[in-house]
Amino acid sequence: MKPETACIHAARDTSHSTGAVVAPIYQSATFAHLGFGKSTGYDYSRDKNPTTEHVEKLVAALEGGTGATAFASGMAAISTLMELFAPGDEIIATDDLYGGSIRLFDRISAKNGIKTHYVDTSDLEAVKASITENTQAIFIETPTNPMMKVTDIAGIKDIVGACKILLIVDNTFLTPYFFSPIALGADIVVHSGTKYLSGHNDTLAGFLVSKTAETAEKLNFLKKTLGGVLSPFDAFLVTRGIKTLAVRMEKSQQNAMEVAAWLKTHPKITAVYYAGLPDHPAYELSKRQARGFGAMISFRVGSEEAAQDILNRTELILFAESLGGVETLITHPLTQTHTEVPEPQRAARGIDGSLLRLSVGIEAAEDIISDLEKAMG
Ligand SMILES: *Cc1c(COP(=O)(O)O)cnc(C)c1O
């Protein structure tokens, strides 16, 4: 089954007898037993719920994993993931990481004795040099947020080799439609399902997809124990969103290509970061390891004042955090998503007041461009 078909038909629920084309929402916290020692397979919704299980099967199928575990948000997924580790363990993480993940690693995981080394994972030698005998995992985001650096996942897999280091990839930006980290050697794929998977800025969700049944079982145990589960209604919304994932990814990428090309030619724009531009350092790598470049673009205007002017003036494009929905959104990483990143780290990564990030939606490209053009004055 091709990916666009899988988005609609993988994990189709054939167990119910009504013929309903859409899987129902089982809005039930608990499930009655058929008799002593007899379960329907469902006992309590923190452990398992048919609607949530349906979206888990769908996401696992799309990512090529053995199983997926659904959470109430991307951060609920990542914080549960961190319970795989114990005091004294070390993880290596991409330095240009989602701000919420940095806050979790530095403020919560550090307190629990887990040390994070931030490394530019697009530099394979730097990753190699950072591995110690305590390294338990490498946590990668690609392309990165907001600088759009790309990591060679197969290259990282080669470095890890046969060691027991878990390779974890946050695939929120490219989605399984464009990128398959498990096929390249990843052990766990992370998603903020809030973004492209649900796709309409109307729900929060998170997923951990496991390559092996053993990891899936551990993560399911952690999920039911810690309890940050996805509700049946939100699971339904994510399932519905995924049905149009392919068309949304194609259209938003097409728009992103046009917007990035236009930004490149604008005299007030001093830099454009988008892996789909042929002069991006990872253009060739992206073409080799992925089926698309996605629709996230960062760009730099001359100054923080110029950036603020644009944020105040866009009309169609909404000045809002988040990404991956049908609406084009613009954010100011310095004051929104990356406020908690310490200043020296921000400066080293190039996150300053003049940087803006666009999540390109599925409107007409010319309307998006004309809104930007007006906002730039
Ligand atoms: C948004 C995001 C998260 C966190 O997900 P939430 O659903 O907001 O909790 C994690 N990683 C990336 C790359 C994100 O964009």
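Keep in mind it's a predicted model, so treat the numbers as computed, not measured. Each ligand, and each atom within it, is numbered from 1 in the order the structure gives.
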Asker: Can the positive tip of Lys195 be found less than 6.0 Å from the middle of the six-membered ring of Tyr98, inside 45° of the ring normal?
Answerer: yes
Asker: Consider every N or O of Met75 and every N or O of ligand 1, then say whether any pair is closer than 3.5 Å.
Answerer: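 Yes; the residue has a nitrogen or oxygen that sits under 3.5 Å from a nitrogen or oxygen of the ligand.
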Asker: Considering only protein heavy atoms, which is closest to atom 15 (O) of ligand 1, and at what distance to one decimal place?
Answerer: Lys195 NZ, 2.8 Å
Asker: Any idea which atoms of ligand 1 are less than 4.0 Å away from a heavy-atom of Leu323?
Answerer: 15 (O)
Asker: Centroid-to-centroid, Phe105 to Phe139, below 6.0 Å?
Answerer: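 Yes, close enough.
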Asker: Just to confirm my output: which protein heavy-atom neighbour is closest to atom 3 (C) of ligand 1, and how far is it?
Answerer: Tyr98 CE2, 3.4 Å
Asker: What residue and atom, counting heavy atoms only, is the protein's closest point to atom 5 (O) of ligand 1, and at what distance?
Answerer: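 The closest one turns out to be Ser192 OG, 3.0 Å.
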Asker: Tell me whether Lys149 is salt-bridged to Asp96, with the criterion being a basic N under 4.0 Å from an acidic carboxylate O.
Answerer: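 Asp96 and Lys149: not salt-bridged.
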Asker: Of Ile310, Leu263, Ile269, which meets side chain to side chain contact (heavy atoms under 4.5 Å, CB included) against Leu356?
Answerer: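 Result for side chain to side chain contact (heavy atoms under 4.5 Å, CB included) with Leu356: Ile310.
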Asker: Val190: heavy atom below 4.0 Å from ligand 1, yes or no?
Answerer: no
Asker: Please report the interatomic distance CE(Met148) to NE2(His280), rounded to the nearest 0.5 Å.
Answerer: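 Output value for this atom pair is 8.5 Å.
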Asker: Which residue and atom name correspond to the protein heavy atom nearest atom 11 (N) of ligand 1, and how close is it?
Answerer: Asp170 OD2, 2.7 Å
Asker: Please list the nearest protein heavy atom to atom 6 (P) of ligand 1 with its residue and the distance rounded to 0.1 Å.
Answerer: Gly74 N, 3.3 Å
Asker: If Ile, Leu, Val, Met, Phe, Trp and Tyr residues are connected whenever their side-chain heavy atoms lie under 4.5 Å apart, and connections chain through other members, are Leu237 and Leu204 in the same group?
Answerer: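 In one cluster with Leu237: Leu204, no.
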Asker: Looking only at distances, can you tell me whether any N or O atom of Ser101, backbone or side chain, sits closer than 3.5 Å to an N or O atom of ligand 1?
Answerer: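 Looking only at distances, the answer is no, because the N/O contact criterion of under 3.5 Å is not met.
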Asker: Compute the shortest N/O to N/O distance between Phe173 and ligand 1 and return yes if it is under 3.5 Å, no if not.
Answerer: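 No, Phe173 has no N/O under 3.5 Å of an N/O on ligand 1.
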Asker: Taking the basic N atoms (NZ, or NE/NH1/NH2) and the acidic carboxylate oxygens, is any pair closer than 4.0 Å for Glu90 and Lys115?
Answerer: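 So Glu90 does not pair with Lys115 through a salt bridge.
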Asker: CD of Glu304 to CG of Leu334: how many Å apart, nearest 0.5 Å?
Answerer: 6.0 Å
Asker: Starting from atom 7 (O) of ligand 1, what is the nearest protein heavy atom, named by residue and atom, and what distance separates them?
Answerer: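 Checking every protein heavy atom, the shortest distance to atom 7 (O) of ligand 1 gives Thr194 OG1, 2.6 Å.
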Asker: Test your reading of the structure: does Glu141 have an N or O sitting under 3.5 Å from an N or O of ligand 1?
Answerer: no
Asker: Output yes when Lys264 and Asp279 qualify as a salt bridge under the 4.0 Å nitrogen-oxygen rule, no when they do not.
Answerer: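 Result for this pair is yes, salt bridge flagged.
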Asker: Would Ala205 count as a contact residue for ligand 1, given that I'm defining contact as a non-hydrogen atom of the residue lying under 4.0 Å from a ligand atom?
Answerer: yes
